[in-house]
Enquirer: 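Before I ask anything, let me first share the structure, which is written out below as structure tokens.
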Protein chains: 2
Amino acid sequence: MESIVSKVLDQVDIQILDILQKQAHVSNAEIARRVNLSSPAVHTRIKRLENEGYISQQVAILNPEKLGFDLLCFVFISSNIHHSEKLDVLEEAFRQMPEVLECHCLTGEYDYLLKVANKDRRDLQTFIRKLNKLGITKIQTSLGLREIKYSSVLPIWDGDEVDEGKFE
Amino acid sequence: MESIVSKVLDQVDIQILDILQKQAHVSNAEIARRVNLSSPAVHTRIKRLENEGYISQQVAILNPEKLGFDLLCFVFISSNIHHSEKLDVLEEAFRQMPEVLECHCLTGEYDYLLKVANKDRRDLQTFIRKLNKLGITKIQTSLGLREIKYSSVLPIWDGDEVDEGKFE
DNA sequence: TGTGAAAGAATGGGTCG
DNA sequence: CGACCCATTCTTTCACA
């Protein structure tokens with residue numbers, strides 16, 4: 001009996017999460033083999049992990065270049081807006097723009113960092129005009145020249161839990 | 001004969017890709033219903049899309065906060081290295097580091113932008129020391145204060161009707 | 001390419017150790 | 001919690017158009 005709150009994740013949970021965050025399409029049965037459990041047991045655990053919010057979603061990662069998105073940009077924005085209501089409007093606008101893949105609020109010189117996927121320079125210009133219309137004046141745009149690494153894999157395994165003392 | 005390489009994607013392909021990039025777990029049969037095709041036809045198309053590289057991978061997105069990753073950072077790096085071999089070593093080092101989720105080569109003042117997931121300040125310090133050992137001197141780190149949007153969904157559907165007359 | 005049918009797996013619920 | 005069973009659903013192959 002550990003704690004009342006919510007079961008802490010055990011090694012098997014971590015293993016399952018790690019498999020799924022790398023290859024979501026691996027079958028239940030295959031996971032069961034790898035973690036030495038039965039397939040229904042794995043199923044139960046995955047459902048629990050989903051319900052408790054450890055797994056947010058499952059997605060297919062498409063190849064941007066094959067689909068014509070050659071222009072990945074990082075846009076740094078300083079908003080001189082300081083009313084929180086107006087900031088809410090601004091942020092909601094970012095969320096609604098399909099070319100904005102990510103938006104983060106940052107410390108430092110700029111308030112927001114946007115990751116933006118555009119097909120060509122014309123699309124990029126259209127996008128920047130949209131930003132101007134939102135009242136954003138201070139923008140700095142950096143072009144992504146080359147993607148060295150792109151992943152969503154959190155080091156849940158590598159961190160310090162690692163002890164591959166698999167029983168038997 | 002039009003193009004030898006690969007048939008251009010049609011509307012149904014785009015629809016399938018769009019469904020999968022948002023919800024990878026949707027069953028073949030369900031997709032078939034949505035695009036008005038039979039289940040085997042959808043299966044064939046998805047296999048083709050995978051083989052031709054339109055779909056790179058399928059992953060589960062985990063919840064960073066639930067897993068103790070409260071410190072998302074963006075690290076800007078200027079390398080004063082100009083030998084391409086040494087740059088290769090550097091980039092490979094970035095790829096190997098599990099806390100580095102993304103690494104992009106950028107235009108602008110800094111050469112590299114890294115997105116880094118750490119659990120706490122101690123981990124962050126450890127990470128920055130690793131960078132120093134690699135000979136990196138000019139580093140600027142911005143903390144992610146809040147995530148406004150996080151997505152890998154390319155606007156293949158929303159942007160405009162994808163109907164390129166380009167071969168390959 | 002597409003469809004329909006059919007075999008072979010995997011999923012998901014229930015019950016019992 | 002986990003294993004086993006069972007009905008249901010999904011995947012994947014095949015003949016055929």
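FYI, side chains are in, hydrogens and waters are out, and symmetry mates aren't considered; it's all heavy atoms of this structure. In the text below, chain A, chain B and the rest are named by the order of the sequence lines, each starting its count at 1.
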Enquirer: Tell me whether B/Lys138 at atom NZ has more than 12 heavy atoms from other residues, nucleotides or ligands lying less than 6.0 Å away.
Expert: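 Result for NZ/B/Lys138: enclosed.
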
Enquirer: Honestly, is B/Lys119 close enough over B/Phe69, meaning NZ or CZ under 6.0 Å from the six-membered ring centre and within 45° of the axis?
Expert: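 Yes - B/Lys119 lies over the ring of B/Phe69, closer than 6.0 Å to its centre and within 45° of its axis.
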
Enquirer: Any side-chain N or O of B/His43 below 4.0 angstrom from OP1/OP2 of D/dT12?
Expert: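 The answer is yes; a side-chain N or O of B/His43 sits under 4.0 Å from OP1 or OP2.
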
Enquirer: Please work out the stems of DNA chain C from pairs that are Watson-Crick or G-U wobble with both distances under 3.5 Å, keeping only runs of three or more consecutive pairs.
Expert: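 Only these stems qualify: C:3-17 with D:1-15.
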
Enquirer: Select one nucleotide: of D/dT11, C/dG12, D/dC10, the one nearest the side-chain heavy atoms of B/Arg33.
Expert: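 Nearest nucleotide to the side chain: D/dC10.
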
Enquirer: Could you give the CG-to-C1' distance, from B/Asn28 to C/dA10, as a whole number of Å?
Expert: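 These atoms are roughly 13 Å apart.
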
Enquirer: Polar atoms only, N or O, under 3.5 Å: list the protein pairs with nucleotides 3-7 of chain C and their distances.
Expert:
from  : atom 1 : to      : atom 2 : distance (Å)
C/dT3 : OP2    : B/Ser38 : N      : 3.0
C/dT3 : OP2    : B/Ser38 : OG     : 2.5

Enquirer: Apart from A/Val89 itself, which Ile, Leu, Val, Met, Phe, Trp or Tyr residues share its cluster (side-chain heavy atoms under 4.5 Å, direct or through members)?
Expert: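 In the cluster with A/Val89 there is nothing else; it is isolated.
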
Enquirer: Would a 4.5 Å heavy-atom cut-off, applied to side chains only, mark A/Leu154 and A/Asp18 as touching?
Expert: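 A side-chain contact is absent here, since even the closest heavy-atom pair is not under 4.5 Å.
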
Enquirer: When the aromatic ring centroids of A/Phe76 and B/Phe76 are compared, is their separation below 6.0 Å?
Expert: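 Yes; B/Phe76 has its ring centre under 6.0 Å from that of A/Phe76.
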
Enquirer: Check for a donor-acceptor pair, side chain of A/Lys66 on one end and backbone N or O of B/Glu52 on the other, with a separation under 3.5 Å.
Expert: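 Indeed, once roles are kept as given, a pair shorter than 3.5 Å links the two residues.
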
Enquirer: Nearest to the side chain of A/Arg45, heavy atoms from C-beta on, is which of D/dG2, D/dC10, C/dT11?
Expert: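 Within the option list, the nearest is D/dG2.
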
Enquirer: Yes or no on side chain to side chain donor-acceptor pair (under 3.5 Å) for A/Gln11 and A/Gln15, after CA distance, side-chain angles and deciding distance?
Expert: CA-CA 6 Å; A/Gln11 289 300 104; A/Gln15 265 183 285; over 6 Å; no

Enquirer: Expressed in angstrom and rounded to an integer, what is the separation of B/Asn51 atom CG from D/dT12 atom C1'?
Expert: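 My rounded result for the distance is 14 Å.
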
Enquirer: Round to the nearest Å and state the distance from B/Glu30 atom CD to D/dT9 atom P.
Expert: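 B/Glu30 atom CD is separated from D/dT9 atom P by 13 Å.
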
Enquirer: Specify the separation, in whole Å, of atom NE2 of B/His25 and atom C1' of D/dT11.
Expert: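 Going from NE2 in B/His25 over to C1' in D/dT11 covers 17 Å.
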
Enquirer: Expressed in angstrom and rounded to an integer, what is the separation of A/Lys47 atom NZ from C/dG14 atom P?
Expert: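 After rounding, the reported distance stands at 14 Å.
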
Enquirer: Output, in order, the C-alpha distance, side-chain angles, deciding distance and verdict of side-chain contact (heavy atoms from CB on, under 4.5 Å) for A/Trp157 and A/Leu17.
Expert: CA-CA 9 Å; A/Trp157 186 251; A/Leu17 287 174; over 6 Å; no

Enquirer: For B/Tyr112, run the side chain to side chain contact (heavy atoms under 4.5 Å, CB included) check against B/Leu87, B/Ile136, B/Leu106 and tell me which one passes.
Expert: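 The single option meeting the side chain to side chain contact (heavy atoms under 4.5 Å, CB included) with B/Tyr112 is B/Leu87.
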
